[in-house]
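Residue numbers begin at 1 in each chain, while the letters A, B, ... track the order of the sequences.
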Amino acid sequence: MIQPLEELVEALCTLPTIGRKSAWRLALHLMERPEQDALKLAESIVRVRQKLTRCKRCYNYSETELCPICSSASRDQKQICVVEKPVDLFAFERSGRYRGVYHILGGVLSPLNGITVDKLRINELSMRIINEQPGELILGLGGSADAETTALYLARIYRQQGIRVTRLARGLPVGMELEYVDQITLSQALNERTDVHYES
Amino acid sequence: MKVRQIQFVHFRNHRAFTFEPGDGLNIIYGSNGSGKTTILEGIHYCALTKSFLSIYDSEFVTYGKTFFLINGLFVNVKEKLTSIKVTYSRDTGKQVSVNTRNVPTFSEHVGTVPCITFSPADILIVNGAPAERRRFLDKAISQMDVKYLQALIQYRRLLQQRNALLLLIRDRQADQNVLDILTEQLVEKAAIIVYARREFIEGIMPCVISKLRIVSGGENPSLTYRCTFQNDDDVPHKDSMANHLFGHLKARRSEEIARGQTAAGPHRDDILFALDEKEIKKYASQGQKRTFIISLKLALYDYFQEHQKEKPICLLDDLFSELDSKRVSALLSILADFGQTLITSTEKRTASYINSVNIHDLI
């Protein structure tokens, strides 16, 4: 019926988690708000697509050839944290705790979905390790079975090269009541228990 | 564990229906298609979140309706009440809640209401493919051991990944370096599964022998685990089982790649059932097979009780068909000492210890 509006709805439908109803609501919202707001949105979409590339070292999105993290003097360039996707990097950054650099793998191994070693940025990681000689490789991958396989694989190849490979601890979420923790997590937490250090 | 009350909304032919079974032996009788088995299915849904006849959730919704709801009130050995609600609709899928708390992963709930089932289709455990016998083992052990169920779920996932990788390697779309990692992860879970299965079979064997002796009057059964990667007379220790399977798979790697399938492991194993040292599948009569399966199921009761504090609920669908009157009374004498039992039947049976329920009086 109204051609441009329908086109917008179709376009919005292609976004993740957006169905037809939500697409209509968003499209009408954009029509009903001041024109400026909609143009601003359109411009920022154009801008991220045209200005952003991938950092040539860590493969995070970046405006420059090297992203701010990779080019920062205050970051420890000898500590590389391997993550699955950019959103994981942002999660680490929000924690504010990590001072090293990253490597974005672009997924985890899953032969069932055709994702093999050559589909991920593993060769790129190997090249970095040769060039940068990091002191530690942190495997910041998730807790899924596929992430586990990927972590074991990476640990094996880089440990053979004499690199220190670490992984995130698995166990109790902070602030969690023990009685609500499932058995698997609790036994994992018990396995990975650590010594208590007193600060005096 | 006992069912105090079970309530159905839009569940098969029960549009709105509540049933309160007695604490001991209940026989629900009535004509074909009156919804006797559906009552057992409802209780099974509360216990194991699915049908025991392997019917799809969507097929339980009353024709023309959009959802079903089952609400079960259970009481444990300490008289503590647990309310279990199962709902299903095509839009939201299946949801299970225990005491109004939503259960996000169903595997966590499995085992909290121990339950033993029998249906005439169980004859497949003897007659059918090895997969049927593995399903019997897995269902029984999972109810007693959450770690077994977890290992099984992880094993299946790893197996799919590994088979997919073997195919990719065959088609030269991947090389072999990830295969070792997947194999290591797989054999670790395999060892947990095979060890638990062997332990289970060893434990249940004396119970099967004693039950079958009462029901049949003298047949001597045996159960043997048939493992695809180890000989029966040379069973490796628990800790070396994983290494053993790893070595076995490594030796068969070219065969595995050519077929794109994992050659050995618990997904290929089987159990051999025998009566007086003859394989039941090949040599026993229909009635003998049926008696054997029933004894196997009743043996689970003793085994569960030994390993858990709770007495299991027995759901026995059409238990008496094809059995002679001697075997029926032998069965009833065993069941009289059990916890709560629900049996469906087309005929009425009366005895002092039987709570006979005519389904037509309920609806």
Does atom [atom1] ([X]) have a neighbourhood of more than 12 heavy atoms from anything else shown, all under 6.0 Å?
X      : atom1 : value
B/E202 : CD    : no
A/R170 : CZ    : yes
B/R170 : CZ    : yes
A/K119 : NZ    : yes
A/M127 : CE    : no

Name the one of [options] that satisfies side-chain contact (heavy atoms from CB on, under 4.5 Å) with [X]?
X      : options                : value
A/P111 : B/L167, B/L165, B/L166 : B/L165
A/Y153 : B/N177, B/D180, B/L182 : B/N177
B/I181 : A/T149, A/I157, A/L154 : A/T149

| task | Tell me, for B/Q185 versus chain A, whether the close heavy atoms (under 4.5 Å) come from the side chain, the backbone, both or neither. | result |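 When you check distances to chain A, only side chain atoms of B/Q185 fall under 4.5 Å.
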
| field | Interface moiety of B/Q154 toward chain A, non-hydrogen atoms closer than 4.5 Å | value |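 Interface part for B/Q154: neither.
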
| field | Heavy-atom pair of closest approach, residues B/R157 and A/S110 | value |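 Closest approach of B/R157 to A/S110: NH2-OG, 4.3 Å.
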
| task | Sort out for me which of B/R101, B/E108, B/R162, B/K147 touches chain A most, counting heavy-atom pairs under 4.5 Å. | result |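 Going by pairs under 4.5 Å, I would pick B/R101.
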
| Looking at A/T150, A/L109, A/D182, A/D146, which has the largest count of heavy-atom pairs under 4.5 Å with chain B? |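 Most heavy-atom pairs under 4.5 Å with chain B: A/D146.
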
| query | Would A/T116 and B/V178 count as a side chain to side chain contact (heavy atoms under 4.5 Å, CB included) if you check the C-alpha gap in whole Å, the side-chain angles of each, and the deciding distance to 0.1 Å? | reply | CA-CA 8 Å; A/T116 48; B/V178 181; over 6 Å; no

| query | Got a salt bridge between B/E184 and A/R156, using NZ or NE/NH1/NH2 to carboxylate O under 4.0 Å? | reply |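 Judged by the 4.0 Å cut-off on N to carboxylate O distance, B/E184 and A/R156 do form a salt bridge.
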
